[in-house]
Amino acid sequence: YPVTSVGAYAFKNQTGLTSVKIGNNVTRISSYAFDYCVGLASIVIPDSVTNVGNSICYNCAALKEVVLSKNITKLTSFMFSYCPIESIELHEGITFIGNEALEGHKLAELIIPNSVTEIGYMGIAGAGAPITKITLGSGLQKLGGLNFSGKKGLKELISLATTAPT
């Protein structure tokens, strides 16, 4: 039988995991599936995945590379919190970035797609991140607090929105 989902807590604390490539039959990754997999350096989430729970990779201290399904429309709360991500593409079609979804990232540049309408509290925060440029897409309507805290190297903040987000 093909595996169609990754259950809650399925691989939590599996410190020996270094990379994950989710199979093409999987459509859902449940909450906390890979939390505290401190050796996990990369994860590939195929386009078959359309639904993800909260905190799927919380505190994966080595996670630097994420390939994200083009069919995920929400970065759920705490999805990649406390992961030192250096590479992730946020695609058009994402509409929501939840609370602390990317907290702790180490991106040099971040482009928020035009399709994103809301970024939650600390959704893109990355204290100590080497980020120098952030571009906020034209669709952004709501921007939660503390999204720009700790970004001492930030040189450019570009908003493509025609109305200031609240």
Side-chain angles (χ1 to χ4, degrees), residues 6 11 17-24 26-140 143-144 146-151 153-154 156-160:
V6 178
F11 296 95
L17 272 179
T18 57
S19 67
V20 170
K21 183 176 183 203
I22 305 291
N24 288 326
V26 174
T27 59
R28 176 174 173 69
I29 302 173
S30 297
S31 297
Y32 321 110
F34 298 98
D35 281 10
Y36 297 98
C37 291
V38 296
L40 184 62
S42 67
I43 186 167
V44 176
I45 302 172
D47 290 344
S48 60
V49 175
T50 57
N51 190 314
V52 291
N54 291 332
S55 185
I56 64 167
C57 286
Y58 184 88
N59 203 19
C60 293
L63 186 58
K64 294 188 182 325
E65 183 179 4
V66 175
V67 177
L68 199 58
S69 164
K70 300 261 189 278
N71 294 311
I72 290 175
T73 59
K74 295 179 181 181
L75 295 189
T76 56
S77 292
F78 307 99
M79 190 168 178
F80 297 110
S81 283
Y82 305 104
C83 299
I85 295 170
E86 296 174 354
S87 174
I88 186 172
E89 180 184 341
L90 302 182
H91 58 274
E92 285 296 333
I94 294 173
T95 59
F96 176 79
I97 298 174
N99 295 340
E100 299 187 41
L102 294 173
E103 163 61 18
H105 71 79
K106 300 296 180 198
L107 297 165
E109 182 176 352
L110 182 59
I111 299 171
I112 303 299
N114 294 326
S115 56
V116 173
T117 59
E118 182 177 352
I119 300 173
Y121 174 80
M122 294 180 70
I124 58 171
I131 198 157
T132 59
K133 182 178 179 182
I134 298 173
T135 303
L136 302 173
S138 62
L140 190 60
L143 181 62
L146 295 177
N147 273 292
F148 306 113
S149 68
K151 292 181 174 49
L154 185 61
E156 286 184 84
L157 176 61
I158 300 166
S159 177
L160 303 176

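Only a predicted model underlies this, so the values are computations on that prediction, with no experimental measurement involved.
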Report task. Evaluate the criterion side-chain contact (heavy atoms from CB on, under 4.5 Å) for residue pair Y82 and E100; output intermediate values, then yes/no. Result -> CA-CA 9 Å; Y82 305 104; E100 299 187 41; 3.5 Å; yes
Under 3.5 Å donor-acceptor, [X] side chain and [Y] backbone:
X    : Y    : result
T132 : L154 : no
D47  : K70  : yes
H91  : I72  : yes
N71  : T50  : no
T76  : G53  : yes

Requested in this report: Please list all pairs passing the side chain to side chain donor-acceptor pair (under 3.5 Å) test where one or both residues lie in residues 52-62, with sequence neighbours left out.
Outcome: D35-S55
Please name the pair of heavy atoms, one in [X] and one in [Y], separated by the smallest distance, quoted to 0.1 Å.
X    : Y    : answer
I56  : S30  : CG2-O, 3.6 Å
G23  : P46  : O-CG, 3.5 Å
A61  : P84  : O-CG, 3.2 Å
L146 : S149 : O-OG, 3.4 Å
A33  : V6   : CB-CG1, 3.8 Å
L102 : I88  : CD2-CD1, 4.4 Å

Requested in this report: Using the test side chain to side chain contact (heavy atoms under 4.5 Å, CB included), find all partners of F148 that sit at least two apart in sequence or belong to another chain.
Outcome: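 Once residues adjacent in sequence are excluded, the partners of F148 under the side chain to side chain contact (heavy atoms under 4.5 Å, CB included) criterion are I124, I134, L136, L143, L157.
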Requested in this report: Count the heavy atoms of every other residue, nucleotide or ligand shown that sit under 6.0 Å from NZ of K74, and state whether that count exceeds 12.
Outcome: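 Counting other residues, nucleotides and ligands, NZ of K74 stays at 12 neighbours or fewer.
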Gap separating the [atom1] atom of [X] from the [atom2] atom of [Y], nearest 0.5 angstrom:
X    : Y    : atom1 : atom2 : value
I85  : C57  : CD1   : SG    : 8.0 Å
C60  : F80  : SG    : CZ    : 9.0 Å
S87  : H105 : OG    : NE2   : 13.0 Å
I22  : S69  : CD1   : OG    : 11.0 Å
T73  : N51  : OG1   : CG    : 8.5 Å
E103 : C83  : CD    : SG    : 10.5 Å

Mind checking what makes side chain to side chain donor-acceptor pair (under 3.5 Å) contact with [X], not counting sequence neighbours?
X    : result
E92  : S115
T18  : none
N114 : S138

Query raised in the report: Would I112 and L90 satisfy side-chain contact (heavy atoms from CB on, under 4.5 Å), going step by step from the backbone distance to the final call?
Result: CA-CA 7 Å; I112 303 299; L90 302 182; 4.0 Å; yes
Query - Under the ring-ring contact (aromatic ring centres under 6.0 Å, His included) test, residues paired with F96 that sit two or more places apart - result: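 Expected list: none.
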Query raised in the report: Testing V116, L68, V52, I119 for side chain to side chain contact (heavy atoms under 4.5 Å, CB included) with L75, which one passes?
Result: L68
Report task. Identify the residue among L107, I111, I158, L110 that makes a side chain to side chain contact (heavy atoms under 4.5 Å, CB included) with K133. Result ->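 The single option meeting the side chain to side chain contact (heavy atoms under 4.5 Å, CB included) with K133 is I158.
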Query raised in the report: Which of these, Y36, F34, Y32, sits in a ring pair (Phe, Tyr, Trp, His ring centres under 6.0 Å) with F11?
Result: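 Answer after filtering Y36, F34, Y32: F34.
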